[in-house]
Amino acid sequence: MEIAKAYDPKEAEHSHYERWESSGFFRPEINQDPDAPKYSIVIPPPNVTGSLHMGHALQHTIMDVLTRWKRMQGYRTLWLPGTDHAGISVQRKVVEQLKKDEHKKPTDIGREEFVRRAWAWKEQYGNTITEQMRREGASVDWSRHRFTMDEDLSKAVRSVFVTLYNEGWIYKGLRIVNWCPKDKTVLSDLEVKEETKKDGKLFYLKYPVIGTDRTITVATTRPETMLGDTAVAVNPKDERYSDLIGKTIALPLTDREIPIIADEYVDAEFGTGAVKITPAHDPNDYQVGLRHDLPQLLVMNDDGTMNAAAGAEFEGIDRFKAREKVVERFEELGLLEKVDDYEITLPVCERCKTIVEPILSDQWFVKMDEMRDMALDLMRTQGAPHFSPQVPHEKVYTAWLENLKDWTISRQLWWGHQIPAWYDADGNVFVAMTDDEAREKAGGKELMQDQDVLDTWFSSGLWAFSTFGWTGSEPPASAGGQVSRTDKDSTAVALPPPHAGGSDLDIFLPTDVLVTGRDIIFLWVSRMMMLTKKFVDKKAFEDVIVTGTVLGKDGKPMSKSRNNGVDPIEMFDKFGVDATRIYLASIATGADIKWNDLLIETSRNFANKIWNATRFCLLNSEGAKVDHECLIGRSGLPLSDRWIISRLNQTAIDVNKSLAKYEFHTAVSLLYHFFWDDFCDWYIELKKDEINIGDVEATTRILTIMEIALRMLHPFMPYLTEELWLKLPGTSAEMLASAYKSADATIMLTAFPPGDASAIDAAAEGEMQSVIDLIKKVRNIRAEMNIKSSDKVSVHVAASAEMRANFMANEAQIKKLARADSIVLGDSLDVPKASAKAVLSGGAEIAVPLEGLIDFDKERERLQTQITKLDTELQRLNGQLSNANFVERAPAEKVEELRERKGELEQQIATLKLNLEALG
RNA sequence: GCCGUCUUAGCUCAGUGGUAGAGCACUCGCUUCACACGCGAUAGGUCACAAGUUCAAAUCUUGUAGACGGCACCA
């Protein structure tokens, strides 16, 4: 069979995915083994507003490698996909659209219409990322696709809310919260980031003390908040102010009088030692206010403008304008002491970068004490979840939990899960699953539902079990992905009903591993762990793989503003999906990586190498086909075959081990070197003659090894391996793993090679190493002596009888790869002076007579280089072996090993020196 | 302020208590009938610095310098 000369990824990517998907290969039901163990992963649901970025591509690759590997191992495998409703992001998109298209504000169209449009937006744009995942080759079960606002998932949300409320773990209250004046919503602590501002200012304001001619100076970075001051605090031990405690201040720009109080919170050493107290605009001041029973005066509106309480002069003015104005007025009054430059870190909204305002507000919170203890308990007693890499994540996770504060869960948005709390006219709260239920509780009174929605992470926190059909009160609707769907069921082939063993929730939870980034360990991972334990009494997942960050070429995180982003889709187009995947898998687990196109080229080249190796096998496969029987009964096989079978099995064993430890990069490296170095550079080259003459036995064996190698590569490079596997003669549905017997032919349902320890042949590897060593030494001589590749040489070898037998048996191969026309074997060398020489391990010596071709200076130099190299090592060994402490204390094997090595080195050096002297 | 990570060949990165590895780039040679996205052969590193533990340290400990991350605070 003849195939194209170079691999064209697009062709292979074209059809296979559709066939896999429509054949139901991605669904756990494809596994017909009733005793199959399960393997499950739920995807971190990407935002519906998102499109695929490198971080997704990395995480999806890892999840798909694991899923495909486990599926091939015969597990009943589920990788569950889904999307997140992304409250603020979608809300902002719809607001923008409304403004752009109709010049309207959300309030112009009302909540109901706004939510309708948000759904329409989601329907129209929300599947970008799911389509891109198909391109990635992600073997997710689309029939189980979930969206955080699906009916069942929403029911789960309400159910959890009601339960937590009834148990007193959810409460509503007035607290200082992070307020984003642009999004006009409260944010949780985790959604607030910090931005350092170097040109900040610290303003020193003088407040006149009533009944004295003194003023007291306070420093502030936010002068406008002074309009809400209700006290000035000093440290009780601070002698500078002790006589002022209890006196009253006439607060400038207002007609209010505020007390001077004493509180331990104030650090006398810092600033002026006097602090303005604004309980409604600062968390610390809020606490001070509670202790001293101070009024809480809110002076700002929800859009960051000053309100009526700030006084007529300031009402309606933006907070930053008001700041300027306050400072101006203080200056006019002669009450501005000074303004210092001051580097400050400002809290900003994670999404819109607007400066967040701490503000007193009535919000819903989850009390985290008990849940935190649950999570800590899981970690302490079971080490769950197990993080990869364990350092530093386990410690960071634990430390964060230990200092956990209550979670603000209400958001002033319309898009999301509306809080299931209703109020009567008197403000009494009724929390219930539905409005009917709430009304019933309220004795039939007219009720109004809370206008806020829940934090997006509240529903995400239930993802591990809500996706499997958990809705709270009732048992899961049914198993097997038959619960309400948001995605078209693209499964064309009817699959048998789910296996016995219960619902998806029973079968697939806990999931085996969660693959995610560092940034959402607190936001999401911890909350899933806690909420799953609380509501299903299970671990959400056993393991967590924390991926690193894919950085731009400049070494900084990819971002639109830096314009250093790399689009995975572009990489797919340029290098192929498989090349991108195996490159991403080659990054050490958890390590950050600077993006570099050159590296992905290596992977692209590897894909092409695989293609061409297969092409070569196919060109010469007349009459042969894949036949696993041909690898059995190894003892009678030629060395090269015993060797490659040994290497193949060793590789399989090591790849499985690496994957089990989540060391994907090790697995990739093993496969790369096995395939390229062992299989292509040595095995195929050694076999070329036999193959070219159409030796069916040889071609059968090479096709079979090829087939096994493709299986091992499949989880990393699904398209290429499927394309090639289907082309190999002899592959068919007959070859599928036992659990998948009824499926159509595909590499993705064959058995992943487990590796056979009994096939590892140390003798063959040793003998082969000798042959390789010999060939390399001759090649070195040829290259250094500038022998034309068309010129054949004669190779003389002096070696033990055993080694001679080995070289004799592989004479044809050695001749071919060393480009020799004869090999002369003996127990000593008998060659003319004009020969180039080298030593092999095992006491052997080789010589290549080069009458008329040898450059004696160069040969001397060559021998000297070798001597120097060996001598350096010998010196080191002598140093160690002459150290009495080493000989006494180091393990005896180690000492013996070095002694042997020393003996060999001495022998080799002596031989080389003799050769050097002989040249004169 | 607290906690933590990183520093290895020109570049991007693996690795590890017992002779330093890969890919790319570089040098030399190959239109060898699978592949120039290729083949063959070289060259290239006091593993940031210092001290300690050890028979043995690039690897463990401590400190220093530089880069970075998380958390807290920020009148």
Side-chain angles (χ1 to χ4, degrees), chain A residues 3 5-7 189 194 200 202-205 217-222 232-233 265-267 270-278 282 284-285 342-347 389 391-393 395-396 399-400 403 518-519 521-522 549 555 575 579 583 586-588 590-596 598-599 601-620 665-666 669 672-673 680-681 684-685 688 691-692 776 779-784 786-790 816-817 819 865 872-874 876-877 879-880 883-891 894-895 897-898 901 905:
Chain A
I3 62 174
K5 203 170 169 180
Y7 173 51
D189 294 348
E194 279 173 3
L202 188 61
F203 302 88
Y204 290 78
L205 308 179
T217 304
V218 295
T220 179
T221 54
R222 296 185 292 152
V232 166
Y265 154 71
V266 180
D267 177 0
F270 193 92
T272 64
V275 184
K276 61 191 276 303
I277 300 298
T278 324
D282 183 279
N284 291 312
D285 293 6
Y342 191 66
E343 184 179 315
I344 45 173
T345 48
L346 292 170
V391 177
H393 299 112
K395 202 172 160 186
V396 172
W400 180 79
N403 298 299
R518 283 191 280 270
D519 51 339
I521 291 178
F522 304 150
T549 311
F575 301 106
Y583 168 59
S586 76
I587 300 168
D592 289 351
I593 188 90
K594 242 185 267 190
W595 188 264
N596 189 339
L598 288 173
L599 299 169
E601 270 182 43
T602 302
S603 301
R604 190 266 321 260
N605 296 350
F606 183 46
N608 192 55
K609 187 75 181 177
I610 296 167
W611 175 267
N612 273 291
T614 312
R615 178 172 185 261
F616 176 74
C617 295
L618 292 174
L619 281 171
N620 301 286
H665 60 298
T666 309
S669 170
Y672 183 94
H673 292 293
C680 291
D681 287 349
I684 291 184
E685 293 302 328
K688 258 185 181 165
I691 292 161
N692 283 333
K776 279 180 166 276
R779 282 173 172 176
N780 174 268
I781 289 169
R782 296 186 59 109
E784 296 285 328
N786 296 317
I787 313 287
K788 279 195 282 184
S789 59
S790 51
K816 179 168 176 61
L817 298 189
R819 299 191 159 268
T865 308
T872 311
E873 194 186 337
L874 183 63
R876 191 170 35 231
L877 286 186
Q880 269 185 280
N883 181 341
N885 280 328
F886 171 73
V887 179
E888 281 166 31
R889 302 226 201 166
K894 195 78 220 168
V895 177
E897 193 184 312
L898 293 199
R901 180 67 187 148
L905 285 172

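Note: hydrogens, waters and symmetry copies are ignored here, and every other heavy atom, side chains too, is used. In what follows, every chain begins at residue 1, and chains take the letters A, B, ... in the order their sequences are listed. Since the structure is predicted, the reported quantities are computational estimates derived from the model, not experimental observations.
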Strictly under 3.5 Å: I want the nitrogen or oxygen pairs between protein and nucleotides 6-12 of chain B, one per line.
{"residue": "B:rU12", "atom": "OP1", "partner": "A:Lys594", "partner atom": "NZ", "Å": "3.3"}

Give a yes or no on whether a donor-acceptor pair under 3.5 Å exists between the nucleobase atoms of [N], that is its base, and the side chain of [X].
X: A:Lys5; N: B:rC35; value: no
X: A:Arg615; N: B:rC35; value: no
X: A:Glu194; N: B:rA72; value: no
X: A:Thr345; N: B:rC74; value: yes

Taking the [atom1] atom of each, how far is [N] from [M], in whole Å?
N: B:rC49; M: B:rA67; atom1: C1'; value: 15 Å
N: B:rC68; M: B:rU8; atom1: P; value: 15 Å
N: B:rU5; M: B:rG44; atom1: C1'; value: 29 Å
N: B:rU59; M: B:rU7; atom1: P; value: 11 Å

Do the side chains of A:Lys688 and A:Glu685 get close enough for a salt bridge, i.e. N-O under 4.0 angstrom?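 Salt bridge between A:Lys688 and A:Glu685, a charged N being under 4.0 Å from a carboxylate O: yes.
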
Do A:Lys276 and A:Asp282 meet the salt-bridge criterion of a basic N to acidic O distance under 4.0 Å? no

Writing each nucleotide of RNA chain B 5' to 3' as (, ), [, ], | or . by Watson-Crick or G-U pairing under 3.5 Å yields (((((((..((((....[..))))..((((.......))))......(((((..]....))))))))))))....

5' priority, RNA chain B, between A:Lys816 and A:Asn883 [closest heavy atom]: A:Lys816

Angle class for the A:Phe606/A:Tyr672 ring planes (parallel below 30°, perpendicular above 60°, tilted otherwise)?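 Because their plane-to-plane angle lies in the 30° to 60° range, the rings of A:Phe606 and A:Tyr672 count as tilted.
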
Give the C-alpha distance, both sets of side-chain angles, the deciding distance and a yes or no for side-chain hydrogen bond (donor to acceptor under 3.5 Å, both in side chains) between A:Arg518 and A:Thr549. CA-CA 8 Å; A:Arg518 283 191 280 270; A:Thr549 311; 3.1 Å; yes

Under 4.0 Å, heavy atoms only, any strand: does A:Leu202 hit a base, just the sugar-phosphate, or nothing? sugar-phosphate

Could you list all N or O pairs between the protein and nucleotides 40-42 of chain B that sit under 3.5 Å apart?
{"residue": "B:rG40", "atom": "O3'", "partner": "A:Arg779", "partner atom": "NH1", "Å": "3.4"}
{"residue": "B:rA41", "atom": "O3'", "partner": "A:Asn780", "partner atom": "ND2", "Å": "3.2"}
{"residue": "B:rU42", "atom": "OP1", "partner": "A:Asn780", "partner atom": "ND2", "Å": "2.9"}
{"residue": "B:rU42", "atom": "O5'", "partner": "A:Asn780", "partner atom": "ND2", "Å": "3.2"}

What are the two closest non-hydrogen atoms of A:Gly273 and A:Val266, and how far apart are they? O-CG1, 3.3 Å

